[in-house]
Amino acid sequence: MSQLLDIKEEVKATGALLVAVSKTRSEAEIMLLYDQGQRVFGENRVQELVDKYEKMPKDIEWHLIGHLQKNKVKYIAPFVSLIHSVDSVALAEMINKQAAKNDRVIDILVQLKVAVEETKFGLQNDELNEILTSIKSLDNIRVRGIMGMASFTADHDQVRTELQQLKIHFDALKQSHYSEDDNFSELSMGMSGDYKIALEEGSTMVRIGSLLFT
Ligand SMILES: *Cc1c(COP(=O)(O)O)cnc(C)c1O
């Protein structure tokens with residue numbers, strides 16, 4: 001379990017944040033990381049996220065990293081720290097509404113699709129301008145940056161190219177929409193298989209699961 005500390009050091013040295021992806025892991029497994037100081041955890045299912053939030057220490061910051069349906073936003077709105085996976089205006093509007101009901105502002109990332117695989121959620125670049133413009137008027141949402149995933153492939157050149165594309169989009173959006181907004185600062189990219197490349201390419205947040213729990 002010194003795996004966590006090694007990875008943590010490695011991530012911290014770049015100034016990025018380590019999100020420990022705890023989906024499908026038991027509370028006992030999560031507590032092993034918690035006891036070593038990890039406080040930021042990511043889940044991809046709403047029900048599992050809510051269950052763990054209710055049962056586990058309250059100083060954990062919970063991130064939702066998986067696809068989110070509008071009708072489930074209300075369950076996580078009271079406590080979620082960051083939603084990585086916003087991919088439509090309708091979803092952003094629902095998060096805004098539920099955040100207002102809970103008298104809070106919810107941090108979000110907009111999920112961008114760069115991977116060539118067909119199965120991934122996320123927006124194409126041309127949809128991004130539209131969503132970012134619409135989101136600006138929503139007072140109970142704060143856009144912190146973008147999230148993306150590279151293709152799941154052993155071809156490291158392809159992975160690097162896709163991660164570079166995410167960084168290029170991030171920089172362009174920062175300049176076109178958020179040049180005056182210091183809150184737009186996060187580029188969530190990198191998982192167990194590609195986090196080293198992601199950190200080299202400018203990730204500020206890596207989402208690592210399997211590597212931490214083996
Ligand atoms: C599962 C998951 C991860 C972590 O994947 P590992 O390969 O286990 O590190 C990261 N991001 C998302 C969106 C995930 O669903």
Side-chain angles (χ1 to χ4, degrees), residues 1-12 14 16-27 29-30 32-34 36 38-53 60-69 72-73 76 80-88 91 95 107-123 144-156 158-160 162-163 165-167 169-170 186-214:
M1 272 289 165
S2 68
Q3 181 87 312
L4 170 74
L5 297 177
D6 290 348
I7 294 174
K8 236 180 157 165
E9 280 307 308
E10 196 180 350
V11 173
K12 215 169 123 191
T14 69
L17 178 77
L18 172 62
V19 179
V21 176
S22 49
K23 65 189 186 203
T24 75
R25 308 296 171 176
S26 68
E27 287 159 48
E29 285 174 293
I30 297 171
L32 285 176
L33 300 190
Y34 180 91
Q36 295 176 84
Q38 181 66 25
R39 290 295 180 274
V40 182
F41 290 91
E43 290 282 334
N44 69 341
R45 287 170 195 272
V46 166
Q47 188 59 54
E48 197 175 336
L49 178 58
V50 171
D51 286 349
K52 286 173 176 169
Y53 165 73
I60 291 179
E61 269 184 43
W62 292 103
H63 291 194
L64 195 277
I65 61 171
H67 186 65
L68 176 59
Q69 288 174 301
K72 297 199 173 160
V73 174
I76 60 170
V80 71
S81 288
L82 179 65
I83 299 174
H84 289 233
S85 43
V86 175
D87 60 359
S88 74
L91 177 58
I95 295 168
D107 282 352
I108 65 159
L109 304 176
V110 174
Q111 184 173 353
L112 184 59
K113 180 180 156 70
V114 289
V116 292
E117 288 167 54
E118 287 301 315
T119 53
K120 299 262 163 71
F121 292 102
L123 292 158
R144 300 298 315 279
I146 68 174
M147 182 271 247
M149 268 180 267
S151 296
F152 190 70
T153 165
D155 180 348
H156 283 199
Q158 184 182 340
V159 168
R160 190 179 291 277
E162 290 176 359
L163 295 173
Q165 279 175 33
L166 283 169
K167 170 68 168 155
H169 288 311
F170 172 78
E186 304 300 331
L187 176 54
S188 168
M189 64 181 191
M191 306 170 33
S192 290
D194 61 5
Y195 79 94
K196 285 174 194 281
I197 305 176
L199 290 172
E200 287 168 10
E201 298 303 338
S203 171
T204 69
M205 233 179 236
V206 287
R207 310 176 309 270
I208 301 181
S210 29
L211 209 53
L212 291 178
F213 287 95
T214 45

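One-based numbering, in listed order, for ligands and for the atoms of each.
Just one residue in the list Leu82, Val40, Val80 forms a side-chain contact (heavy atoms from CB on, under 4.5 Å) with Glu61, and that residue is Val40. Under the side chain to side chain donor-acceptor pair (under 3.5 Å) test applied with Glu43, the options Arg25, Lys23, Lys52 reduce to a single match, Lys52.
Remark: minimum distance from atom 13 (C) of ligand 1 to any protein heavy atom is reached at Ile65 O, 3.6 Å. Looking from atom 5 (O) of ligand 1 to the surrounding protein, the closest heavy atom is Met191 CE, 3.5 Å. Protein heavy atom in closest approach to atom 11 (N) of ligand 1: Arg207 NE, 2.9 Å.
Checked by atom type and distance alone, the side chain of Thr14 pairs as donor or acceptor with a backbone atom of Ala16 at under 3.5 Å.
Heavy atoms of other residues, nucleotides or ligands lying less than 6.0 angstrom from NZ of Lys8 number more than 12. More than 12 heavy atoms of other residues, nucleotides or ligands lie within 6.0 Å of CZ in Arg160, so this atom counts as buried by the packing criterion.
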Walk me through whether Thr204 and Glu186 qualify under side-chain hydrogen bond (donor to acceptor under 3.5 Å, both in side chains). CA-CA 6 Å; Thr204 69; Glu186 304 300 331; 2.7 Å; yes
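Looking at Ile208 next to ligand 1, no N or O pair under 3.5 Å apart turns up.
The shortest separation from a heavy atom of Leu211 to ligand 1 is not under 4.0 Å, leaving the residue out of contact.
Numbered from 1 in the order shown, with element, the atoms of ligand 1 that lie under 4.0 Å from a heavy atom of Ser192 read 6 (P), 7 (O), 8 (O), 9 (O). Which parts of ligand 1 touch Ser210 is read off a 4.0 Å heavy-atom cut-off, strictly below it: atoms 6 (P), 7 (O), 8 (O), 9 (O).
Contacts between Lys23 and ligand 1 below 4.0 angstrom, taking non-hydrogen atoms only, involve the side chain exclusively.
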